[in-house]
Structure formats: structure tokens, C-alpha cells
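Contents: one structure, followed by commentary.
Below, chain A is the first sequence line, B the second, and so on; all start at residue 1.
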Amino acid sequence: MKLEDKKRVLREMVLARRFEERCYQAYIERKIGGFLHLYPGQEACCFGVMEAARPGHDYVITGYRDHVHAIKCGSDPKEVMAELYGKETGSSKGRGGSMHIFDVKHRFMGGYALVGGPFPLAAGIGKGIQLKGGDEISICFLGDAANNQGTFHETLNMAALYKLPCLFICENNQYGIGTAIDRSTAVVDQFKRVSSYGIESAQCDGQDIDVVYEHARKAVDYVRSGKGPFFLELMTYRYRGHSMSDSRAYRSREEEELWKQRDPIFIVRDRLIDAKVLTMDEYHAMEKEIDAYIENEVIKFAEESPEPDVKDLEKYVFA
Amino acid sequence: MAEIMYWEGIQRAHDEEMARDPLVICMGEDIGVAGGTYKATKGLYEKYGPLRVIDTPISENGFSGLAIGASFIGVRPIVEIMSVNFAWLAMDQMFNSAAKVRYMSGGQLTAPVVFRSPGGTAHQLGAQHSARMEKVFMGIAGLRVVTPSNPKQAYGLLKSAIRSDDPVFINEHELMYNMKGEVPDEEYFHPLEGSEITRSGTDVTLFGYNITVHWCLKAAEILAKQYDISAEVVDLYSLAPLDRAGIKKSVSKTHRAVIAEEDEAPVGVGSEVIAIINEECFFELDAAPVRVHSALVPQPYNHKLEMAAIPDHEDVVNAVLKLFGKA
Ligand SMILES: Cc1ncc(C[n+]2csc(CCOP(=O)(O)OP(=O)(O)O)c2C)c(N)n1
Ligand SMILES: [Mg+2]
């Protein structure tokens, strides 16, 4: 990745982090309801992969931990926040909520709440691309525990069989809610599990965006060149609990600290400082500027937007 | 008008729509090279090739989800699920993805996908191959459910379902694929909503759908000939949404109603139609409406037990006679 790109991505990653932290606060204040799954710790996964792909052109689909993926595809953070606030101006008009961000004009095909649900949908989008003859690819971001669903196996088999242009990204944060991966999954290395379908795969560090980017570039090229699906496993960690009602009793504070020493944002930041294209002061100034943007624009927009009209309750059920 | 079979109507709808639009595809188990369990996709593989006529693995939830995903970006898939009993495995994708995506995306995405699947009691297929499932599908917001009672509907409903921007579930019947009937020679689109008066009458309305329309017609014949009772037969080809206006209109004319379903009674077309009658035209009633339905048992294998479990036209006749105090 070029230094100037990396500088831009650092800014995007900080925005994603601060956005999510601000959601946390809004949830505590009861401005946001329902389930809220936050992304801090895993940023290099989404940004590394999407830097190698074409945001807004390639189709992206994911689970419920979806705010950052939508924003990286091109969604306006204001609309995403408004969705979390349940407002009419939200990306899904307040009908979806945190787990169901959609932004079809940016080819963000949605967040889905059933673990494993997006796998076959991603394959279907791949099938559509194949029929229509475009050069897009279908990218599916899901967690490690999703791979224990039947849809994982059904989809990988079909994606390989029909040679679909699908890139499966496994963000392996090593837990499904409070169950550690070795307590739920017989084969812990996820990239090995797909070999039975003859699918090309790789595993790499998910904290260092340069590493993610290099692997993702190869994977994206492979899929876009028509060779069929690819499965990329990124080793990562989520700092916060699974959702907001999670005491993190299933893991140690030491383990958390160990991972925080390899923070995906700090890795990029320090590399840019070492390369002398960024100073620590500039970094802090950027953080401040982003916080101000989130407060004065994103939160303000969400706060001030109207709620949906109850008379529109049945709107959007049928075409 | 040519007389063709029910399966031929379905095949013709596939063929015409696939010839018209390269993004109409079909998929399912054994539908391609093998020509389809019910012949409903016969000849399509040879004509349109493996990219558009897709033999799927036995992965109902997986391939249903694949069809739904493809429909998000403009493909119009027609999915055959070999039997509704296997559709249980695909409910996650049908309900959680297809039926809800339009709403939860605030109208941005829609899933114009068609699912076709036969249910019902055929020939001693036993508990796991005889279920009806309309009761489950018709209660899901965002999903249309239609059920053809004859070849014309089998053809015309599928044509309309393919063109619909909503997901549509078409409930067929194992025993009806070889039924013959007249189908227009020219292209024909059957409305996805509403109901049809199949036989006009004045004394009682017999509500049927799919195979039970034929029980009702037979019962009406007997009631007219032997008991001088004029029965109206209403075909509820749309189960979701049900035709409130049509139900009200007929009951307001005849003042009596019998609903015939092959399914078990608790939670079903019968209970829904009666609820609608209560809501729309309770004071028009001269007698309490009744349901004719299957016994609440997993479908037995033994032929005698099997026949005892499901109703037929005689049960419809008896229900009407009871309404008139004649039995
Ligand atoms: C079908 C289904 N079963 C269970 C759940 C409850 N659930 C939500 S997230 C989750 C864990 C998923 O973990 P993983 O796939 O690793 O993703 P992560 O949250 O770690 O990103 C579970 C069990 C669900 N939403 N859907
Ligand atoms: Mg996980």
C-alpha cells in the first residue's frame, strides 16, 4: 500500500473506531436500542480487504457487526448513526437497526442477524454476477463461529461447484459470543476446513493492515480473474464484549492486553511516524478533528432527524 | 384453448419466461439433466444450459439462499423444492432473508424469487413426505403464497410470480401434476391476489384451494342433485394475502360457509377464513361456519389410516348437511 493511501486509511480507521466508541456511549444513554455489536480491534480486516477490492463496485455482505463495513463501502456515517437511532433518515429508514444496515447504492448488501445466513446470499450475488457478466466480485465478511453452520458447508460446496466469484473473509476473533473457538470447533484453523471443497485459502495476521492487504490483493485478483471462490482467514480480536450485554468473564484481562499491544490503528500510525509522513501531534489533532465531526455532524444529524411516521408501519412489506 | 396437463402449464411458464429474459433461471434437485421429479422443468436444460438450469446439491437452505442472493441483483430465480417437507430446511432463508429483506432495508432491496413446491398426501408416502405447509407460509409478512387448483392457474400464477417483485411461494400438490385442463394459447397472467367463483350458488359457500377446490366442486354437484342445496364454490388461489372482499361478498350472499382444507385444523386456512368472516360479515351468518380438515396426526402409512386421516368431498357434503340440520 502506498504511504499516501495508508495515511488516508489511517484516518478512515480512526473514524471507524471513534464512531463505534461513540455508539457505545449512545447505547449507555439509551439513544440506541436492541443489540449492538462493535468493531474495535478488528479494523485492519475490513480496511485491509476493502483497500484491495473496489468499494462501491464490489458487492459486500456481512453479519450483524456491520457498521464499519457499510461505511467503508461508501455509506454516510450520518445515515448509519441515524439508523442506530431508529430515524427515518437512517440507511434502512429506521426499519433495520444496528444489525441490518443496508446501502444498496454503494453495493453494501446488508447486515444479517442469523449467524451463517449471509453465506448463501453471497453465493447468489456471485451467481448473479456470473450471469450478468460483470467484473465485480461478491465479498462475504463473517466470523469464525459462523463456520459451524450448515450454510457454510452448503455454500462452499456450491461456490466451488459453480465457480462463483466469491471472496469469503473469515474474521477469526476466536470467540463466538463467550465460547472460545477451541471449545466449539474441532479444527481451529478455519482456512483448513475449506480444503475439502477444493477451495483456495490462506490465513494471516488480521491486525497488521499491510499483511491483510497483501493477502487480500492476491485473493481479490484470484477471484476477479474468474478462477472461482477464495477463503481468507484473518486472525484478529474484538476488544469489547460480543454485544453490549457481555461481561467478558470467559477471557482474561491479560489476553486482552496482549492483543491491544498489536492494535491495528497504532500499527499503521507508528509505521507512518517512522516513515516521517506523520507526527504524533498531527495524529492527535486528527483524532480531535474526527471527534468533532462525529459530535457536530454525525450525532447531531441522528439526534435531529425525525422518527418514521407510525402511519407508514406497513410500508416496505411488499413491492 | 388447448387442454394440457398441470405440469405442462408449469413447464410452459418456465420456458416462455426464460426465453424472454436471460436473467430468469431455475434451480433445484434433479430439475436439469433428469428433467424434474414432476417434469415441470422438462427440456429446459437442453434448451438453456447448465448456467441457467441448475441442478443443485441437496442443500435446501443453501440453494434457496443462493437464489435469494441472486435475486437481489436482478436475477429472477425459480426454485423447485422437491417436496414441501424439505422446505422446512429452507425456512431460515425464505423467511429470514427473502420475506424480510425489503422491510429491513427500508425498501432498498427486494427478493423477486419464486419457490415452487408440492405438498399433500399422495400414495402412502408416510409422515415425512405428506405434509402440507401452507399454514406456515401464509403467516409470514413479506411473502406471497399462491396455490393453483388447475393447469390454467399453474401456468398463469407462475408467470405472474416470476414477474412479481416480491418473493412468492407456490404451493403445488403431488397428486395434481397430471391433471388436465384448458389453458389459453396466448400468454396469460393470473392475478396473484383475489379469489375465483368456480361455481355460483345461493345457499352455502364452499371455500377451497388447490386440491380441495375439486372436493368442493364434487360436493356441490352432490348437494344440488341429491339435496337441492345450491352451493357456491370459491377458489382461494391466493392464501397470502387472503381475499377479504371476496370472502365477504360470497358469505353475504349465501349466509353459510364451509372451508375445506387437507391440512390439520389448528392454525390454518380454515381458522383464518373464519376469522375474516367474523371480522367482515358476522351478522350475515345464518349458521356458524365450519372447517373440514385432516385429523391431527402425522400422516399414517397404512392406506386405510391414511384415507381416514384426510377429508374428501363426502366430508364436505356432510358438513353442509349438518349446517342445514339434515344430518
Ligand atoms: C442462527 C443463529 N444462532 C445463534 C445466534 C446468536 N449469536 C449471535 S452472534 C453469535 C456468535 C457468532 O460468532 P462469530 O461468527 O465468531 O462472529 P463474531 O460475533 O465473533 O464476529 C451467536 C451464537 C444467531 N444470531 N443466529
Ligand atoms: Mg468470532
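- The closest donor-acceptor contact from the side chain of S64(B) to the backbone of M94(B) lies at 3.5 Å or more, if one exists at all.
- Residue G126(A) comes nearest to P165(A) through the heavy atom pair O-CD, 3.4 Å, listed as atom of the first residue, atom of the second, then distance.
- Side-chain polar atoms of H153(A) and Y197(A) form a donor-acceptor pair below 3.5 angstrom.
- Listed options N61(B), L89(B), N96(B), L66(B) were ranked by heavy-atom pairs under 4.5 angstrom with chain A; first place goes to L66(B).
- Salt bridge status for E16(B) with R20(B): absent, with no side-chain N to carboxylate O gap under 4.0 Å.
- For a residue to count as touching a neighbouring chain, one of its non-hydrogen atoms must lie under 4.5 Å from one of that chain's; by this rule L114(A) touches chain B with the side chain only.
- Looking at L164(A), the atoms closer than 4.5 Å to chain B (heavy atoms on both sides) all sit in the side chain, from C-beta outward.
- Of all residues spanning residues 25-42 of chain B, those with a heavy atom less than 4.5 Å away from chain A's heavy atoms are I25(B), arranged by number.
- With respect to chain B, the highest number of heavy-atom pairs below 4.5 Å among E314(A), K93(A), M99(A), M158(A) belongs to M158(A).
- Ranked by heavy-atom pairs under 4.5 Å with chain B, the first of I61(A), L161(A), D103(A) is D103(A).
- Remark: R52(B) engages no residue in a salt bridge (charged side-chain N to carboxylate O under 4.0 Å, His left out) (not counting sequence neighbours).
- Residue contact with chain B, scored on non-hydrogen atoms closer than 4.5 Å, is absent for E88(A).
- Residues H37(A) and S98(A) bring no donor and acceptor atom of their side chains to less than 3.5 Å of each other.
- For chain B, the option among A113(A), P120(A), G111(A) with the highest count of heavy-atom pairs below 4.5 Å is P120(A).
- Aromatic rings of F152(A) and F119(A) (six-membered ring for Trp) have centroids within the 6.0 Å cut-off, being under it.
- By a heavy-atom distance cut of under 4.5 Å, V101(B), R102(B), Y103(B), M104(B), S105(B), G106(B), G107(B), Q108(B), L109(B) are the residues of residues 98-114 of chain B near chain A, going up by number.
- With sequence neighbours excluded, the residues forming a side chain to side chain contact (heavy atoms under 4.5 Å, CB included) with T185(A) are N148(A), I181(A), Q190(A), R193(A), listed by chain and number.
- Between E272(B) and K135(B), none of the side-chain N atoms (NZ, or NE/NH1/NH2) sits under 4.0 Å from a carboxylate O, so this pair counts as no salt bridge.
- Top candidate by heavy-atom pairs under 4.5 Å with chain A, chosen from I73(B), I54(B), V75(B), is I73(B).
- Ranked by heavy-atom pairs under 4.5 Å with chain B, the list P308(A), G124(A), G94(A) is led by G124(A).
- In this pair, Y188(B) and H190(B) present their aromatic rings perpendicular. The plane angle is above 60°, beyond the 30 to 60° band.
- When every heavy atom of S83(B) is checked against every heavy atom of S117(B), the shortest pair comes out as C-OG, 3.2 Å.
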Item to complete: Could you walk me through whether R65(A) and E171(A) pass the salt bridge (Lys or Arg N to Asp or Glu O under 4.0 Å) test, one step at a time?
Response: CA-CA 11 Å; R65(A) 206 179 295 284; E171(A) 298 191 39; over 6 Å; no
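- Residues Y112(A) and F102(A) share a closest heavy-atom pair of OH-CE2, 3.3 Å.
- A salt bridge links D15(B) to K47(B): one of the charged nitrogens lies within less than 4.0 Å of a carboxylate oxygen.
- Note: G142(B) leads G142(B), S164(B), S71(B) in heavy-atom pairs under 4.5 Å with chain A.
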